[in-house]
There are 2 protein chains.
Amino acid sequence: MQKSLSIGDLSRATGVKPTTIRWYEAEGLLPEPGRTAGGHRAYAASHLQRLGFIRHARELGFAMPAVRALLDLAAEPEQDCGKAHAAAMSQIEAIDAKMRQLTALRAELSRVAEACQGGRVAECRIIETLADHTHGHCLGSGHGVIC
Amino acid sequence: MQKSLSIGDLSRATGVKPTTIRWYEAEGLLPEPGRTAGGHRAYAASHLQRLGFIRHARELGFAMPAVRALLDLAAEPEQDCGKAHAAAMSQIEAIDAKMRQLTALRAELSRVAEACQGGRVAECRIIETLADHTHGHCLGSGHGVIC
DNA sequence: GCTTGCACCTCCAGTCGCTAGAGGTCCCAT
DNA sequence: ATGGGACCTCTAGCGACTGGAGGTGCAAGC
């Protein structure tokens, strides 16, 4: 009989918190493990590996649906890996878009911050800029703002 | 009597959706406007200005508590604007941190993606890299991962 | 004056990826 | 046998909105 791993063992081995591991299970990312007589989860090495896979993918910024797709892909070694490459490229594209946005933001912010000479709020360019309603507004809203 | 603005007018003028405007009101960012006889919100110019301020601040990446702080600050023109400057600087610092993280992520991703030659999944470096549990893991989890 | 149809109303639930807490049980080392 | 940490389930909460259901108001055209 193989020695089984507790949820704490998995947590220490991967750096993923126990609560998160349970959540992955509830979401169907991680198969339900066996249980001890008392009801504690008893994992096999395969769980550890799969959890590591999930964690790496998450660290690389893949969203949950993408992680699922990659997991499915990894389960079929004879398939073409074009999809994995496409997922990676689209992730890179998303990062580039985010970086462009942040760069623009940073420039605007530092421009505004430099203009503040530390006087009274009445003369502060930061407050003034924010209050200036002649600014054009961006397309979209929330996370996907395009300026 | 001044002509009043509907929520739709505010929305068109600022690019903030009506639902979001109502939400800002519920959160106390925007004061409750008057109402028409039929119960529709009737805004004054001051609401438009305040909403514009909120939107600009949000566009610059300020979180809601920071937006609240800036609004409070803007209401007291005699105060020192050092706080506004500090808020802007800390926002810039946050953006820089995010950019560093994204840069590292992008490098890792493109390294991994380049190694994929488009063969079968079995030989795909993308899948392989993700499955490789010898990778060290990062500190923290969720949004604040540090590698 | 009446109809039409869009804009508006409230309330509730969902998004994403976890995280935290309450209240209870199990397991292992001493 | 016992103590205390690790584990269990269940529920609610985070930020910053978004969307839908089901119903009402308002203004323009006839």
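Lettering follows sequence order; numbering is per chain, from 1.
Atom-to-atom, NZ of B:Lys17 to P of C:dC8 comes out at 15 Å; the value is rounded to the nearest Å. Between A:Arg35 atom CZ and C:dC27 atom P there is a gap of 12 Å when expressed in whole angstrom units. Between A:Arg12 atom CZ and D:dG5 atom P the separation is 14 Å, expressed in whole Å. Atom C1' of nucleotide D:dA16 and atom CG of B:Leu30 are separated by 15 Å, given to the nearest angstrom. A straight line from CG of A:Leu5 to P of D:dA6 spans 16 Å, rounded to a whole angstrom. When the P atom of D:dA16 is taken as reference, atom CZ of B:Phe62 falls 13 Å away, rounded to whole Å. In this structure, B:Glu27 atom CD and D:dG13 atom C1' are separated by 13 Å, rounded to whole Å. For the pair B:Ile21 CD1 and C:dT10 P, the interatomic distance rounds to 13 Å; values are reported in whole Å.
Of the candidate nucleotides D:dG19, D:dC17, C:dC18, C:dC18 has the atom nearest to the side chain of A:Trp23. Of the listed nucleotides (C:dG17, D:dA16, D:dC7), D:dA16 has the atom at the smallest distance from the side chain of B:Pro65. Here the nucleotide nearest the side chain of B:Ala63, chosen from D:dG19, C:dC18, D:dA16, is D:dA16. The listed nucleotides are D:dT18, C:dC18, C:dC26; the one nearest the side chain of A:His40 is C:dC26. Out of D:dA16, C:dC18, D:dC7, the shortest distance to the side chain of A:Ile7 is found at D:dC7.
For the pair A:His85/B:Cys124, no side-chain contact is recorded, criterion being any heavy-atom separation below 4.5 Å from C-beta on.
Taking 4.0 angstrom as the limit, A:Ser6 places none of its side-chain polar atoms (N or O) nearer than this to OP1 or OP2 of D:dA6. A sub-4.0 Å separation between OP1 or OP2 of D:dA16 and a side-chain N or O of B:Thr20 is absent. Distances shown here put a side-chain N or O of B:Arg41 below 4.0 Å from the OP1 or OP2 atom of C:dT10. Between B:Tyr24 and D:dA16, a side-chain N or O to OP1/OP2 separation shorter than 4.0 Å is absent.
Closest of all the heavy-atom pairs between B:His47 and B:Leu30 is O-CD1, 4.0 Å.
Heavy atoms of A:Arg22 sit under 4.0 angstrom from at least one base atom.
For the side chain to side chain contact (heavy atoms under 4.5 Å, CB included) test with B:Leu130, the passing option among A:Leu70, A:Ile54, A:Val67 is A:Leu70; the others fail.
Along DNA chain C, the nucleotide nearest to A:Thr36 and the one nearest to B:Tyr43 differ in position, and the one closer to the 5' end is contacted by B:Tyr43.
Note that the CD atom of B:Glu114 and the CD1 atom of A:Ile92 stand 8.0 Å from one another [nearest 0.5 Å]. Atom CZ of B:Arg111 is separated from atom CZ of B:Arg125 by 9.0 Å, given to the nearest 0.5 angstrom.
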